[in-house]
Amino acid sequence: MSGTVPGKAPVRPVLPLWLALPVAALGGLVLTTAFPGLSWWPAVFVAVPLALIALIGRRAWSAVLVGFLFGAALFFVNLSFTARYLGPIPWIALSTLEASLAAVMAAPIAWAYRWMPRIAPGPWARLVALPALVAGLWVAREELLGTFPYGGFPWARLGVTQASSPLAEVASWTGMSGLSFLIVFACAAAIEYGRRARLRFAGDLRGLLPTAVALAVLLLTPQFPTTDAGTMRVGSVQGNGPAGYFDARQPYDVFRAQLAATRPLEGEDLDVLLWPEGGVDADPTQNASVARELDALGERLDTPLLIGAVTQRGDEYFNSALVWEQGADNPVATYDKRHPVPFGEFVPDRSFWRLFAPDLIDLIQREYTPGTATPAVDVGGVPVGLAICFDVIYDDVIRDGAQAGAQVFMFQTNNADFRGTDENLQQLAFARMRAIEAGRSVVNLSTVGTSQVIAPDGHTIDSLPADEPGAMVTTVELRTGLTPAVVAGDAIQTGLGWGSVVALVLIGVWGRLRSRRADTPHAGTTKTSTSEELGGRRPGIVEAKRGLRR
């Protein structure tokens, strides 16, 4: 859209392109420090303004370039753990894809800065409506990355940076998308106040009100209260077995490691024994000897088992969580991972992608089928919400589990392919945010760590160090009641994200129509100068002054 409403100057870039590019890259790098392991959560209030200032006044293609540099700086650092064992190709491919999607969604943010002032140039529109639109489009960008392609990869969400901050509690009302929105709104509103410093509105502290209100909501909103429903005594075992793709191992080595690490729990009074994803490296639904071992373990502990294993049904394989009870036709309940990892647990369009990296693609020989079951199971009469590994980063899994009545969450994961990186800590930050979001205790258990038990308010109750075998016995709170984030989570995401995209389109169309009407003379009239068009001065006086100058 190139037209302008008469009397409204086009929005000019705050920074020339040569400066905007390094500023955007700096914003991406600063944002990486807000994620674990550094967890400098206040860094978002530096990173977001840097990213936005670089986009103000930009046209589409320069905005795409600015957005790509921001995304590249963020993702090439934040996803560096993917190169730990698989080499640079997956890291470069994934980081480039995520940066490209960030670049595509940078253009709408730049359009918002160009279009909104044309139809709503007033100070409060600039201080409230424009920041709200920009914040919504930021959420839309997170939504795009979290859904496309092949189910998306919602890893570097702004909200998850606040897992250890005092701002996290607002997520129980708004979800992580709402938390991202509020952070960006506060930053964008502050930028707009600063941009108006040369105008008459400057110096009027009322202009800081939108920023102050957003910060007050972030800082002062208490966590939504859920209802106490008793306790559950959970035994959690981190076997530290050879569970990675490239670990040297023999059949059943992971299973043996889990059994060995469980022995100290024999004689404990437990309500459930939890093992991590892939804690049984054989299919107990097909392998009679493994099934017998699990039966015997359940008898010795006198408690139900919640284990992880790959199961086969027909020609399909599933990454499964299984409830195993004494004397029952086991498993008594099964949940299959809803979001297998593309290019990790299955290869979409295998024949196409194999052309580019056949050795890497051929490493993934087993194709996991996405599960369709509700992510909640009954364990000894207690509804338990489940998520397997990267399931935890997808809102639908947590929301569906809570809405199915889960009173506690148990997350099973395997971080063995990322030993020595921050991947486990970044995933753990998601687990902590899920506890706050749903108002539920979370037991986050890994094969190799970091494993933690997290209270409903997000603080750590118990933990095991990474890369060591160990077991925890923890009494965890059970809770009932649904937070607003769980009840309205999908509507919040859709309304803020894609609702903002629709709003931007309407603003663009409206601005275009106004521009065309302004450029078209009224039929049957002759255009004449008026005192308004001449800046409020009478034509005769203007002509007289011109005569004097001549």
Side-chain angles (χ1 to χ4, degrees), residues 1-15 20 48-49 51-64 66-67 104-141 143 181-182 184-202 204 206-211 213-214 494-523 525 527 530 532-533 535-536:
M1 178 171 175
S2 59
T4 62
V5 177
K8 309 299 185 291
V11 177
R12 299 185 181 280
V14 172
L15 302 175
V48 172
L52 295 181
I53 288 170
L55 288 173
I56 294 173
R58 304 251 81 86
R59 294 188 180 274
W61 287 112
S62 63
V64 167
V66 167
V104 168
M105 288 303 292
I109 295 175
W111 290 335
Y113 277 114
R114 294 181 67 85
W115 296 353
M116 175 67 85
R118 294 173 180 173
I119 67 168
W124 289 109
R126 296 284 293 270
L127 290 166
V128 179
L130 177 57
L133 180 60
V134 168
L137 292 170
W138 189 294
V139 173
R141 177 161 66 180
E143 288 295 294
F181 175 89
L182 288 168
V184 178
F185 178 89
C187 294
I191 290 170
E192 288 309 299
Y193 180 77
R195 288 178 67 201
R196 298 185 66 81
R198 292 169 297 175
L199 302 181
R200 194 169 49 188
F201 199 80
D204 187 341
R206 291 178 300 171
L208 288 173
L209 190 59
T211 301
V213 169
T494 303
L496 292 178
W498 302 121
S500 298
V501 173
V502 173
L504 179 67
V505 172
L506 295 176
I507 289 167
V509 171
W510 185 8
R512 170 70 73 175
L513 292 175
R514 288 185 63 182
S515 176
R516 286 179 177 176
R517 284 199 300 268
D519 291 340
T520 303
H522 294 294
T525 64
K527 183 148 180 77
T530 66
E532 182 181 0
E533 290 171 324

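When the side-chain contact (heavy atoms from CB on, under 4.5 Å) test is applied to Ala214, the partners found at least two apart in sequence or on another chain are Phe185, Ala186. Residues satisfying the side-chain contact (heavy atoms from CB on, under 4.5 Å) criterion with Ala503, sequence neighbours excluded, are Leu133. For Arg58, the side chain to side chain donor-acceptor pair (under 3.5 Å) partners at least two apart in sequence or on another chain are Ser62. In this structure Leu52 satisfies the side-chain contact (heavy atoms from CB on, under 4.5 Å) test together with Val48, Ile109, Tyr113, Val134, Trp138, Val184, Ala188, Ile191, sequence neighbours excluded.
Within the 4.5 Å cutoff, the side chain of Tyr193 has no heavy atoms near those of the Thr211 side chain. Between Trp124 and Leu127, the closest side-chain pair of non-hydrogen atoms falls below 4.5 Å.
Residues Val128 and Pro210 approach most closely at CG2-CG, 3.7 Å, considering heavy atoms. Considering all non-hydrogen atoms of both residues, Pro108 and Leu137 come closest at O-CD1, 3.4 Å. Between Ala140 and Val501 the shortest heavy-atom distance is CB-CG2, 3.9 Å. Among all heavy-atom pairs drawn from Pro131 and Ala125, the shortest one is CD-O, 4.4 Å. The minimum heavy-atom distance linking Ser500 with Gly136 is given by the pair OG-CA, 3.1 Å.
Here the straight-line distance linking atom CD1 of Ile56 with atom CG of Leu130 works out to 8.0 Å at 0.5 Å rounding. Remark: Leu496 CG to Phe181 CZ distance equals 5.5 Å, nearest 0.5 Å.
Using a distance-only test at 3.5 Å, with no hydrogens or angles considered, a donor-acceptor pair links the side chain of Arg118 to the main chain of Arg114.
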